[in-house]
Amino acid sequence: MHDIKYIRNNFSEFKKQVNNRNTEVNLDKILELDTKNRSLIQEKEKLESEKKTLSKQNDKSLFAKSKDLSKKIDKISEDQLNERKKLNQILSQIPNIALEDVPVGKDEKSNKEIKKSGNIPNFKFKPKSHYELGENLNMLDFELATKTTGSRFVFVKDKLAQLERAISNFMIDTHINENGYKEISPPLFASENSMFGTGQMPKFEDDQFEIKLDNKSGRKFLIPTAEVILTNMVNDTILNHSDLPLRFVASTPCFRKEAGSYGKDTKGMIRQHQFYKVELVSIVDPVNCKDELERMTSSACKILDKLKLPYRVIKLCTGDMGFSAQKTYDIEVWLPSENIYREISSCSTCGTFQARRMKARFKKSNNEKEFLGTLNGSGLAVGRTLIAILENYQQEDGSILIPDILRPYMNNLEVISKI
RNA sequence: GGAGAGAUGGCUGAGCGGUUGAAAGCACCGGUCUUGAAAACCGGCAAAGGGGCAACUCUUUCCUGGGUUCGAAUCCCAGUCUCUCCGCCA
């Protein structure tokens, strides 16, 4: 959510920056609504002030007049609330604006590669896809999932299930022991308010799974990412400056409808309705957002380094970033079967955009309150890491070598092969 | 599922129709004292929004939404959430 004052005072600049974000919001309407809203407020307040004075006099002869004022106030108040509602509706749909160093562009073609790391494996045979490998091992079962559940789900079995768990534990351990994150095991349901806070709602409601608890309580949604629940830990709070930075890590299932991606990545477990992800969230003094983003991204890269998987880091352009992001690095891992890099992590700073929606603030030394900076990143997507290991560590006979660093998590198993 | 209790500023907690935006304590900030710190003492300290270059000023807010009243944190109704007890339960 943007500060209306900022919009008012920097309108043309703001408009230009929002247009870089591929949105079709009627920004001129904002100014109009804002002006209307404020003039109604002035009218209302003038009458309220009058009424207050009358009331204080406690004089019977003035009661009728006061009652009359009340009616007028009610009327104006209703109009004003109406205008403000319309204004907020528009404001809540405007994406964050990008930092200066973010490339301007319409789609992924304008993204900039900024780092490449690791060696692309040179196979003496034609590398198989992760689903071929997994199915041949009898350890990935898509058909079974179709039977029990439906499309875009998978059964991971036996040693691959163990490997998946190992990946997740290894990532968490690294982040808590080496990168200073605190482990959290959060709820997987989020309230509508939390979904609003991080920006999933109202604009992206169609991507979310709503859960019906009962008829009484408020709306609940399965988290599409732990970012929602971890970031909202500071919802409506005022932290002390000395509490900062807060760094959280959680490994959770994530649930997404993947609406609008029909026909995309239908084979394999690249795009599922449910997947595990290790998520990193930082809550910081907003002046530190940029540094924290670098730190977070390198925390995520470190995982790939340790797994010895080849990857590259991409700086997303304005048109390709997520709704709440101010700047985003995607980390892409090499997939031999596709001969391309695929996204395995996305690290973003949101500046104060989410904090403003959440009313998440901190107290500065002079007691002034300021909105917090929030960042989130995958560290990493567990399912996709499993895919990357399958494909990059495959051998000609279809067995999978286990990366050294994961062996302690696998009872020192060295290779996964068909039984 | 049944029965109760509650929701007040960053926190704890008074107030229960008319200078109450709200006592008190804690926390925090400034100062005195001290070589420095602590303690003690003095002072300050809610938020959001509107107007003004500014000093400043106005309005709203005591869970949310309605209602009663000239006037509501205080009374009434509905809702949400929290807690306790009973039942059920991984």
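Side-chain atoms are counted along with the backbone in the values below, which use heavy atoms only and exclude waters and symmetry mates. Within every chain, numbering begins at 1; the chains are lettered A, B, ... in the order of the sequence lines, protein sequences first and strands thereafter. Fair warning: this is a prediction, and the values are worked out from it, not measured in the lab.
Across all strands shown, B:rA23 remains unpaired; no Watson-Crick or G-U wobble contact has both distances below 3.5 Å. Summarising the base pairing, B:rC53 is matched to no nucleotide, lacking a Watson-Crick or G-U wobble pair whose two defining distances lie under 3.5 Å. Remark: B:rA46 base-pairs with B:rU61. Criterion, Watson-Crick or G-U wobble with two distances under 3.5 Å. Base pairing analysis places B:rG6 opposite B:rC81; the two distances defining the Watson-Crick or G-U wobble pair are each below 3.5 Å. In this entry B:rA37 has no Watson-Crick or G-U wobble partner, no candidate having both defining distances under 3.5 Å. In a base pair of the Watson-Crick type (N1 to N3 plus N6-O4 or O6-N4) or a G-U wobble (N1-O2 and O6-N3), with each distance short of 3.5 Å, B:rG18 is matched with B:rC70.
Figure legend: cation-pi geometry between A:Arg256 and A:Phe209 absent, as NZ or CZ is not positioned both under 6.0 Å from the six-membered ring centre and within 45° of its axis.
Closest to the side chain of A:Arg38, from the set B:rU59, B:rG51, B:rA47, is B:rG51. When the nucleotides B:rG49, B:rG10, B:rG71 are ranked by their closest atom to the side chain of A:Ile41, B:rG49 comes out on top. Of the candidates B:rC70, B:rG51, B:rA47, the closest approach to any side-chain atom of A:Lys67 belongs to B:rC70. Counting only heavy atoms from C-beta on, A:Ser66 has its side chain closest to B:rC70 among B:rG51, B:rU59, B:rC70. For A:Lys5, taking side-chain heavy atoms from C-beta onward, the closest of the listed nucleotides B:rA47, B:rC70, B:rG50 is B:rG50. Of the listed nucleotides (B:rG71, B:rG50, B:rU60), B:rU60 has the atom at the smallest distance from the side chain of A:Glu48.
Among the protein residues, A:Lys369 comes within range of the sugar-phosphate backbone only, with heavy atoms under 4.0 Å from sugar or phosphate atoms but none that close to a base. Within the nucleic acid shown, A:Lys51 comes within 4.0 Å of sugar-phosphate atoms alone, with no base atom in reach, counting heavy atoms only. At a threshold of 4.0 angstrom between heavy atoms, the contacts of A:Lys52 are confined to the sugar-phosphate backbone, with no base atom among them. Within 4.0 Å of A:Ile238, counting heavy atoms only, lie sugar-phosphate atoms of the nucleic acid but no base atom. In this structure, A:Arg356 reaches neither bases nor backbone, as no heavy-atom distance under 4.0 Å exists between it and the strands shown. Within 4.0 Å (heavy atoms only), A:Arg84 reaches no atom of the nucleic acid at all.
With A:Asp330 contributing its side chain and A:Ile314 its backbone, the two residues share no donor-acceptor pair below 3.5 Å. Side chain of A:Ser345 to backbone of A:Ser378: a donor-acceptor contact under 3.5 angstrom is found. Side chain of A:Thr374 to backbone of A:Cys350: no donor-acceptor contact under 3.5 angstrom is found.
Here the separation of B:rC88 from B:rA78, taken at their C1' atoms, is 29 Å to the nearest Å. Nucleotides B:rG65 and B:rA23 place their C1' atoms 30 Å apart, quoted to the nearest Å. For the C1' atoms, the distance linking B:rC11 with B:rA46 amounts to 13 Å, nearest Å. Comparing B:rU59 with B:rG4, their P atoms sit 43 Å apart, to the nearest whole Å. Taking atom C1' on both B:rU12 and B:rU64, the two are 24 Å apart, rounded to the nearest angstrom. For the P atoms, the distance linking B:rG15 with B:rG6 amounts to 13 Å, nearest Å. Rounded to a whole angstrom, the distance from the C1' atom of B:rC26 to that of B:rC83 is 24 Å. Spacing between B:rG49 and B:rG44 at atom P, rounded to whole Å, works out to 26 Å.
Rounded to an integer number of Å, the gap from CD of A:Glu370 to C1' of B:rA48 is 17 Å. The CG atom of A:Asp243 sits 12 Å away from the C1' atom of B:rA27 (whole-angstrom rounding). Atom pair A:Asp236:CG and B:rC81:C1' shows a separation of 13 Å (rounding to whole Å applied). Rounded to whole Å, atom C1' of B:rU60 lies 14 Å from atom CG of A:Asp74. A:Ile7 places its CD1 atom 13 Å from the P atom of B:rG49, with the value rounded to the nearest Å. Nucleotide B:rU69 holds its C1' atom 14 Å from the NZ atom of A:Lys71, rounded to whole Å. Atom pair A:Leu81:CG and B:rU64:C1' shows a separation of 14 Å (rounding to whole Å applied). When rounded to the nearest whole Å, the span between CZ of A:Phe362 and C1' of B:rA46 equals 18 Å.
Counted by atom type alone, A:Tyr409 and A:Gln162 present zero donor-acceptor pairs between their side chains at under 3.5 Å.
Contact between the side-chain N/O atoms of A:Arg8 and the OP1/OP2 oxygens of B:rG49 is not found at any separation under 4.0 Å. Proximity of A:Ser49 to the phosphate of B:rC58: no side-chain N or O atom is located under 4.0 Å from OP1 or OP2. Close to B:rG71, at under 4.0 Å from its OP1 or OP2, lies a side-chain N or O of A:Ser70. Using a 4.0 Å cut-off, no side-chain N or O of A:Lys46 falls inside it from OP1 or OP2 of B:rU59.
Along RNA chain B, the nucleotide nearest A:Phe371 and the nucleotide nearest A:Leu54 are compared for position; the residue whose nucleotide lies closer to the 5' end is A:Phe371.
Using the six-membered ring where Trp is involved, A:Tyr181 and A:His175 have ring planes that are perpendicular, over 60° apart on the 30 and 60° scheme. Ring geometry for A:His241 versus A:Phe362: interplanar angle of 30 to 60°, hence tilted.
In this structure, CE on A:Met195 lies 9.5 Å from CG on A:Asn232, to the nearest 0.5 angstrom.
Below the 3.5 angstrom threshold, one finds a donor paired with an acceptor across the side chain of A:Glu45 and the base of B:rG49.
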